Amino acid sequence: MRVLRDRAETIAADNERTAALVKQATKSGEPALRVWTPHQHVAFGRRDARTEGYDRARRYAERHGYPAIEREVGGRAVAFTGSTIAVVHAMPDADRTAIQSRYERASDRLRDALTSLGVDAREGEPDRSFCPGTHSLQAGGKLAGLAQRVHQSVALTSAVVLVRDHDAVAEVLGPVYDELGVPFDPDTVGSVARAGGPTDPERVCDALVDAFSA
Amino acid sequence: MAFEFELPDVGEGVAEGELVEWHVAVGDHVAEDEVLADVETDKSIVDLPSPVTGTIAELHAEVGDVVPVGDVVVTIDTDAEVNGDADETTVDAETEREGEDAGGEDSGETPASGGRVFAPPHVRRLARELGVDVTSVAGSGPGGRVTEQDVRAAASTGGSDDDDVASAVSKVDESDSPESVASTASDDTEPKAAVSKVSDDGDATEPESAVSNVSDDSKRSAVRKASDTGEQRPAAADREKTLAVPATRKLAEEEGVEMDAVPTEKTQDGHAFVEPEDIRTYAEAQQATQQQEATAVSETATAGEATTEAVTGEAAVADGEVTREPYSGIRRSIGQHMEESVYTAPHATHHDTAVIDELVATRAELKPRAQQRGVSLTYLPFVMKAVVAALKEFPVLNTTLDEDNEEVVYRHFYNIGVATATEAGLMVPVVDAVDGKSLVEIAAETADLTERARERDLAREEMQGGTFSITNFGAIGGEYATPIINYPETAILGLGSIEQRPVVSDGEVVAAHTLPLSLSIDHRVIDGAEAAGFVNTVIEYLENPTLLLLE
């Protein structure tokens, strides 16, 4: 499996790097993994983009130092602070309908990684969490979420893992979710550090790469 | 063939998905596997690839709709029908098989549901009595309808006896695959079954084989029959009472058919009982007769007079025939929209004329300057400006009627739809916020939208959100018309052609450039006086274009 760890100069270049990785995986038939800490930004979901308050939400995020992008995978807005980890796992020729089993496998791997870091996370999330979904992990708040993008010839499973930045994420997403009209309680945001794990994103990235490569 | 694409099982345990984006619009041609839409479910966005190659006829869901798995999301007219004789045969064979499987004495009527054989029930009964497979008879009646005489002729030509029919039927029964049914039928020494499948659209296979089956005698008798038009009217029943389920009655109403006149052999509780199939058979026979009569009339009238469109449509079509084209896709969408508008909003149309010599001069002066900015300046942006000015004065023309809440909804923004004729049909792209834009901006945006409409390159959103529409039929020619409101808007302005016409000025008849205006209103919401006032204001602005500077 190809693994990519670094981050490109700009947000746009960074997105291109993911796109190239996915393209390469599709072409070669070899799965690919990217685990990294993207630049600070807010990634909005496609449904966010249709809400009335979307423009205001974008403007709020951008005024507060979070350039807004629209992401490909499902789900609602997610904030990356610079220490927040993103995982993209591209599986070519995947069974399109195996959405649940992909979620379950990814969720198991996230838990494996967190366990190796001394964090005992369980599936689920508090009510009114950011980017609500059925395959999140929580330990004193939501610290990881999963989403997917299923193309005809490749399936992407994507994860966000908060390392130590729960306060910053809660702060920017509060008003953003207000504008989007999506219920959100800032107290529900957790992180690896908040759950007693390490505060160094590199260590968490290492654990994630190990778990997803296993 | 219209293919109804149902939302597939996107993921195990997933019952529904939210449509997040359409990648296609009505009229687009799509290849198999091309992505039609993105659907989001459980935080997974999934591509929806097209299972067939064809043209998008209808989108059944809008962005934001939550669609249950199994619901139809899009109708695609597949390309297969273009050269799809195999498909047609398959369908018929299937229909036939189902009919035979169902058994029962009505089974002989089943093929009619495939729409391929037109034969009134009494002819079908006769066919059963004589042991003739009615689907194998080449109809000589109007529109290929099978008559009693055709059946008798078929019965008398040695080829068709009970055994043959029985053997054809048994082959059909035994076969599991419709394709093999078709091939069995056409390979068989008894070719009538194969022929039957062609009957209505003779180009599907070889019509000669149909003829070759029938003796010369019967051909002659068929010809004689055809000329004997008096007998060709569909036999109509005349009952006092007819039983039918509501859906059948609705169909009869739609087809414009008198329920008590529909022939049927079926009874229920001692009363005649009519089913949808009977309605269709009768309606088709009626239409065929009417068209034949229309043709006959027009042929006896002055040569060169317009006959029915179907008849004049193609040189290759022989006299006295009709051709049929599917009412589907964009044509049907437009049709349904028109129907909804006319039958919902009582239309009234107000006509007047603007004398626009000054506007002609102004436009001539501005045109080269606009050209320098790469914009071709037509009269339309001036009219749009004038319309917005008049809408501000008569806001009731910028409304929609919310029937559910019994409220008239005033829109305090001015998004003007511009009806555009395209090869695929009528499209109405919308220029948003016209009030905040300059003439050049409006001109550029309108040109871009109409151009892309012709290239079918418009996003769905670009045709939505209009508050008032303009239709420029004068671009093709003509003075006045009755525009149909772009429902649920409540008014539409039609523009005639700008030409020099005689007008009276200071008691003298002089030539002046005039623009004929036709305003249709939804008379539920708008009064005639308001319509007239609105048009007067539009005219005032068009006749004094400097007033537009204030807008």
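All values below come from the heavy atoms of this structure, side chains included, with hydrogens, waters and symmetry mates left out. All chains are named by letter (A, B, ...) in the order of the sequence lines, taking the proteins before the strands, and each is independently numbered beginning at 1. Computed from a prediction, not measured in an experiment: that's the story for all the values here.
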Mind checking the OG-NE2 spacing from Ser44(B) to His135(A)? Nearest 0.5 Å is all I need. 9.0 Å
Atom pair NE2 (His151(A)) and CD1 (Ile45(B)), whose distance is rounded to the nearest 0.5 Å: 9.0 Å
[atom1] of [X]: more than 12 outside heavy atoms within 6.0 angstrom?
| X | atom1 | answer |
| --- | --- | --- |
| Asp108(A) | CG | yes |
| Glu171(A) | CD | no |
| Lys27(A) | NZ | no |
| Arg5(A) | CZ | yes |

Does any heavy atom of chain B fall under 4.5 Å from the side chain of Leu156(A), the backbone, both, or neither of them? neither
Salt bridge (charged side-chain N to carboxylate O under 4.0 Å, His left out) partner of Arg50(A), chosen from Glu40(B), Glu18(B), Glu21(B), Glu62(B): Glu18(B)
Could you tell me whether Arg149(A) and Asp38(B) have a side-chain N and a carboxylate O separated by less than 4.0 Å? yes
Among the options Pro132(A), Gly145(A), Ala155(A), Ser158(A), pick out the one with the most heavy-atom pairs lying under 4.5 Å from chain B. Pro132(A)
Is the shortest heavy-atom distance from the side chain of Val20(B) to the side chain of Arg47(A) under 4.5 Å? yes
How about Val46(B) and Ile99(A): do any of their side-chain heavy atoms sit closer than 4.5 Å? yes
Please report the closest heavy-atom contact between Lys43(B) and Gly133(A), naming both atoms and the distance. CD-CA, 3.5 Å
Can Asp42(B) and Gln148(A) be counted as having a side-chain donor-acceptor contact under 3.5 angstrom? no
